[in-house]
Number of protein chains: 2
Amino acid sequence: MESPPSPHRDPDGGEARRRTATIYEVAERAGVSIATVSRVLRGTIPVAPGTAERVREAVAELRYRPSHLGRGLAERQHAANGIVFPDLSGPYYAEVVLGYESVAAELGRSVLILSSHGRPTARDMVLDLAARVDGLVVCTRTVDDETVREVAATGTPVVLIARPPVADVDTITTENRDSAARLADHLLGHGYRRFVFLGDADRSSDFAERFEGVRQVIPAIIPITCGFDEDGGFRAAEAVRLQKPDAVICGNDEVALGLTRATRGSVPVTGWDDVMAARYAGLTTVRQPMRELGARAARLLDERITGARGEPHHDILPTQLVVRSSCGPHPKEET
Amino acid sequence: MESPPSPHRDPDGGEARRRTATIYEVAERAGVSIATVSRVLRGTIPVAPGTAERVREAVAELRYRPSHLGRGLAERQHAANGIVFPDLSGPYYAEVVLGYESVAAELGRSVLILSSHGRPTARDMVLDLAARVDGLVVCTRTVDDETVREVAATGTPVVLIARPPVADVDTITTENRDSAARLADHLLGHGYRRFVFLGDADRSSDFAERFEGVRQVIPAIIPITCGFDEDGGFRAAEAVRLQKPDAVICGNDEVALGLTRATRGSVPVTGWDDVMAARYAGLTTVRQPMRELGARAARLLDERITGARGEPHHDILPTQLVVRSSCGPHPKEET
DNA sequence: CTGGCACATGTAAGCGCTTACAACAAGACC
DNA sequence: GGTCTTGTTGTAAGCGCTTACATGTGCCAG
């Protein structure tokens with residue numbers, strides 16, 4: 001019972017700056033082997049009640065917390081998921097991440113985040129992240145298909161958000177084309193005839209689909225490229241003005257808001273996402289369930305990690321047209 | 001050179017569903033020992049150029065990525081930091097996290113996030129998180145002082161954001177009292193005399209300090225408690241109305257915005273934070289450098305983790321009054 | 001020719017866990 | 001009383017890495 005020959009460092013001595021107790025110290029204190037401690041903690045194999053009690057006491061006294069590193073190595077899993085997104089500055093990704101974290105936490109998994117910030121090293125960072133999680137969510141075009149394929153090839157499940165499928169990886173998107181067409185219809189109902197689409201369809205499949213949806217209804221729409229944020233919309237004002245459009249359909253709310261600021265509301269505008277500021281700016285937009293997007297991703301990922309499902313899923317979440325004042329005066333026509 | 005007696009599983013055979021290559025396979029392929037592979041990868045000890053080249057080739061061919069678990073165990077560190085916040089729905093924490101991630105990534109550390117969501121198990125979740133990171137940032141009142149102390153006691157550095165110091169842990173806050181007093185002065189300049197402070201000073205030290213700052217100038221101010229989000233402000237409208245205030249000073253922008261929505265702008269209001277929506281709502285507020293808050297936290301943490309600094313820091317970041325229209329008409333008085 | 005040294009590399013002991021397998025004690029059964 | 005269970009616990013082999021130490025080689029001074 002006294003000091004079983006453990007290969008580990010002498011557990012007594014200066015209690016002071018010890019990082020944290022190990023399973024060996026708990027075992028010694030409880031007078032059992034480390035295997036028994038492990039069994040009590042994980043509840044895998046029944047342990048005599050008295051023994052279990054002693055172990056639990058030792059755990060409490062030592063404030064023992066199992067090392068995730070040790071456990072992970074032995075179990076060959078991380079109990080953690082990752083999520084990669086371009087940025088967190090807009091409300092969009094914040095909401096997605098929030099929904100994701102919320103479900104992942106419920107499922108007992110930690111969440112590692114990685115913002116690519118458009119860094120050129122994004123590929124490496126993602127590969128690195130993939131090596132420390134059991135599954136990964138990749139938002140939009142943060143890395144190229146090749147990288148996604150490489151991660152998937154190592155056996156790490158991947159879920160793509162707002163991005164076209166790669167290999168047989170799961171994807172979740174929100175409905176774009178139909179709502180875009182509906183939005184266009186609405187604008188046509190205002191009597192507008194000359195349109196500009198503001199955004200960057202090449203760098204986002206969401207934008208591309210929205211553009212396509214609109215163009216189905218308004219073939220002559222003029223695309224103008226700009227950045228994804230307020231600043232992008234603001235700077236594009238001059239280019240937009242040159243086209244003298246009756247209305248501008250923006251790829252997202254931030255661009256719409258930025259443009260509105262530049263034009264001081266002189267041009268009818270619509271956005272996409274329905275962020276908080278959109279409500280206060282009276283922006284007509286399309287609401288998409290951002291939080292749900294993240295939550296679903298977490299669940300799909302979990303199904304893959306636990307092996308509950310084999311075939312790839314491609315979910316599409318519904319969106320909703322929200323008419324406010326930014327598209328101009330109009331006989332009320334709510335959706 | 002052929003199959004050195006390794007205790008590990010036979011590395012050849014079905015390449016198909018292998019999770020990922022190990023250092024043993026790289027070593028075998030390059031015809032060296034695992035020690036040499038490790039040395040090449042980490043660059044710790046010089047290796048003959050030819051050998052190094054062979055190792056690098058093997059690494060590339062096998063798409064080898066070192067296991068963070070193995071490495072972490074051996075090095076006794078996680079190369080990861082955590083951050084705990086109550087929620088990510090408002091822009092405030094999203095910005096903080098963004099700034100934090102940005103710097104942490106630069107420093108080569110992964111970021112684990114944990115949203116407490118007011119869950120009763122928050123304490124355990126934080127303790128658990130602490131066991132898988134090298135350092136931890138705790139925002140606001142997500143967990144009690146006891147928990148912070150316990151984490152700090154295990155030797156894991158902790159940085160507190162927007163929260164009073166605990167033990168000798170680092171803290172970062174933004175300036176509240178003075179700006180609050182300045183804000184109050186400004187409102188007095190409008191000729192207002194009867195004030196309400198809307199927020200929950202008991203659950204946030206930021207709110208408490210803002211309230212104190214205001215009360216220094218307006219001793220008779222009436223505090224009303226409400227939730228931290230738009231909904232909280234919206235619901236408090238009736239209680240506020242009963243007090244017939246000349247102006248309402250809210251603890252943050254979201255509350256102010258919610259209240260404004262309920263009163264339809266009939267009562268002068270101020271917020272705090274300067275979130276995106278505040279600009280569009282014309283909200284008079286106090287801007288605080290949210291992203292910088294996170295960035296500084298990441299740096300302070302790093303200093304502690306690397307042991308570059310011993311004494312605790314208590315940083316206070318400056319804030320800035322932003323006057324817009326929500327506080328009512330007034331001879332222009334910018335700050 | 002030999003001892004010594006620098007350099008390159010291999011050997012093996014951990015890091016903190018999980019778990020297959022072995023060992024052992026106490027009944028149960030014939 | 002002997003054998004077989006059943007229940008409980010210990011032993012030890014990994015999991016994939018890092019690194020102190022040992023080993024081996026080539027070269028130079030003596």
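Labels below follow one simple rule: chain letters A, B, ... track the order of the sequence lines, proteins then strands, and each chain is numbered from 1.
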inquiry  = If the test is side-chain contact (heavy atoms from CB on, under 4.5 Å), which one of A:T140, A:T173, A:V138 qualifies with A:R163?
reply    = A:V138

With sequence neighbours left out, write down each residue that passes side chain to side chain donor-acceptor pair (under 3.5 Å) with [X], or none if nothing qualifies.
{"X": "B:E311", "value": "none"}
{"X": "B:N81", "value": "none"}
{"X": "B:S115", "value": "B:H117"}

Starting from [atom2] on [N], measure out to [atom1] on [X] and report it in whole angstrom.
{"X": "A:R76", "N": "D:dC17", "atom1": "CZ", "atom2": "P", "answer": "12 Å"}
{"X": "A:Q77", "N": "D:dC15", "atom1": "CD", "atom2": "C1'", "answer": "12 Å"}
{"X": "A:L73", "N": "C:dG14", "atom1": "CG", "atom2": "P", "answer": "17 Å"}

ask   = For residues 107-120 of chain B, which residue pairs qualify under salt bridge (charged side-chain N to carboxylate O under 4.0 Å, His left out), counting only residues two or more places apart or in two chains?
value = B:R109-B:D134, B:R109-B:D302

key: Among C:dT11, C:dA8, D:dG16, the nucleotide that comes nearest once only the side chain of B:S33 is considered   = C:dT11

key: Pairing residues for A:T171 by the side chain to side chain contact (heavy atoms under 4.5 Å, CB included) criterion, not counting sequence neighbours   = A:L160, A:P165, A:H314

task = Output all residues satisfying side chain to side chain contact (heavy atoms under 4.5 Å, CB included) with B:R291, sequence neighbours left out; order by chain, then residue number.
result = A:S89, B:E95, B:L98

ask   = So does B:T51 get a side-chain nitrogen or oxygen closer than 4.0 Å to the phosphate oxygens (OP1/OP2) of C:dT9?
value = yes

Just the table, please: protein N/O against nucleotides 18-25 of chain D N/O, every pair under 3.5 Å.
residue : atom : partner : partner atom : Å
D:dT18  : OP1  : B:R42   : NE           : 3.0
D:dT18  : OP1  : B:R71   : NE           : 2.7
D:dT18  : OP1  : B:R71   : NH2          : 3.1
D:dT18  : OP2  : B:S38   : OG           : 2.5
D:dT19  : OP2  : B:R42   : NH1          : 3.0

The helix from C:dC1-D:dG30 to C:dC30-D:dG1: angle between end helix axes, five pairs per end, rounded to 10 degrees = 60°

Inter- and intrachain pairs under side-chain hydrogen bond (donor to acceptor under 3.5 Å, both in side chains), touching residues 46-62 of chain B, at least two apart = B:R29-B:E61

